Protein chains: 2
Amino acid sequence: MTKLTNNVSKRERDCLILLKEESRGDFPMRLHEIASTMHIKPPTALNIIRRLKSKGFVDAQDGMVKLTNSGDSLSKSILMVHRTFESLFCQSGVPESRACKEAGEIDFLINRENAMKVLKRIDSPAACPHGKPIKV
Amino acid sequence: MTKLTNNVSKRERDCLILLKEESRGDFPMRLHEIASTMHIKPPTALNIIRRLKSKGFVDAQDGMVKLTNSGDSLSKSILMVHRTFESLFCQSGVPESRACKEAGEIDFLINRENAMKVLKRIDSPAACPHGKPIKV
DNA sequence: TAATAGCATTAGTATAATGCTAATTCATGA
DNA sequence: TCATGAATTAGCATTATACTAATGCTATTA
């Protein structure tokens, strides 16, 4: 596969973001919850979780899955990039939902520092179109 | 793999762009030339070429490889996106070579229409940092 | 307590993309 | 004619992605 900046694949990215956004506080997610949200079967989800675990981004035990500190900061970083580009697309006139989708395809591929520069270039909006803060 | 907007993978993208930029006029490229430029072995290059052929983006015969009309317009489209984002990164203060690399990771994933909107948002530069025209 | 329901996990399979080496074929020029 | 260079084939490996079927485990309920 392509060599990735953060060393996560698309589905691993999806899973990280899911964990970051769905887990309220320290409350971990269950495997079957992850699977159904991602529209995949539990064994497939388990596979993704396993890869994330081997990379040190999640802790998983008996189907309870949560981000490690490292996974948490990676998620934050990806979300920052995501919201930056989402904002760019929206400012450019791309409808919100398409902007979000488009940003999701690239947010895990773009270097954090470069995204922060882009954020300044587009006038440092404080929040993405959904109202979520960009700098976490 | 991820479902891609243009239905090409990273290496297929690399190969398309190579063919677009290296072929002078109708002059096709040789397989071994493609392979060495891409830093891969001929059989690996052949594989990529075969996939591109099956998607209708190149014609290949006896190691002579050239873009079809469809491959040519896809390349143009990817290059437009590439130069747009390269310009964005440069305008943001990312050094030219890193801007180019970063753009290359995402140019084949981003929708043409959305990129055109972004181009307007960043003041419609006529050329990318290397001086190549953005709207081909 | 024993059965079952629900969830996790294992095993096995498949596909696509990416890459390699070794062997073979084929044409061309010395 | 023979050697060289190039393309191609065959075979293999890895990673990411996804599935089904079978198994295991736990906790609740009848």
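Quick caveat: nothing in here was measured; it's all calculated off a predicted structure. Labels below follow one simple rule: chain letters A, B, ... track the order of the sequence lines, proteins then strands, and each chain is numbered from 1.
- The listed nucleotides are C:dC20, C:dA17, D:dA18; the one nearest the side chain of B:Glu12 is C:dA17.
- Rounded to whole angstrom, the span from the NZ atom of A:Lys10 across to the P atom of C:dA17 amounts to 17 Å.
- In this structure, B:Leu16 CG and B:Arg11 CZ are separated by 12.5 Å, a value rounded to the nearest 0.5 Å.
- Going from atom CZ of B:Arg121 over to atom CZ of A:Arg121 covers 5.5 Å, rounded to the nearest 0.5 Å.
- Each of D:dC19, C:dA22, C:dG19 was ranked by its minimum atom distance to the side chain of A:Pro43; first place goes to D:dC19.
- Atom pair B:Lys41:NZ and D:dG5:P shows a separation of 15 Å (rounding to whole Å applied).
- Rounding to the nearest 0.5 Å gives a distance of 9.5 Å between OG1 of B:Thr37 and CG of B:Leu19.
- A sub-4.0 Å separation between OP1 or OP2 of C:dA8 and a side-chain N or O of A:Arg30 is present.
- Nucleotide C:dA16 holds its C1' atom 13 Å from the CD1 atom of B:Ile48, rounded to whole Å.
- For the pair B:Lys55 and C:dA17, the criterion of a side-chain N or O lying under 4.0 Å from OP1 or OP2 is met.
- Taking atom CZ on B:Arg11 and atom P on D:dT14, their separation rounds to 20 Å, with Å as the unit.
- Between B:Asn47 and B:Leu31, the one whose closest nucleotide on DNA chain D sits nearer the 5' end is B:Leu31.
- Atom CZ of A:Arg13 is separated from atom P of D:dA16 by 17 Å (rounded to the nearest Å).
- Rounded to a whole Å, the CD atom of B:Glu33 is 14 Å from the C1' atom of D:dA7.
- Of the candidate nucleotides C:dG19, C:dT21, D:dC19, D:dC19 has the atom nearest to the side chain of A:Ile40.
- Among the heavy atoms of the strands lying under 4.0 Å from A:Leu46 is at least one base atom, whether or not backbone atoms are also near.
- Heavy-atom neighbours of A:Lys101 NZ from other residues, nucleotides or ligands within 6.0 Å: at or below the threshold of 12.
- Side-chain N/O atoms of A:His32 include none lying less than 4.0 angstrom from OP1 or OP2 on C:dG6.
- A:Arg50 has no side-chain polar atom (N or O) that falls below the 4.0 Å cut-off from OP1 or OP2 of C:dT9.
- No donor-acceptor distance shorter than 3.5 angstrom exists from the side chain of B:Thr44 to the backbone of B:Ile40, with no hydrogens or angles considered.
- The NZ-C1' distance, from B:Lys53 to C:dA17, rounds to 19 Å in whole Å.
- Residue A:His39 contributes atom NE2, which lies 12 Å from atom P of D:dC19 at whole-angstrom precision.
- Between B:Ser9 and C:dA17 there is no side-chain N or O to OP1 or OP2 distance below 4.0 Å.
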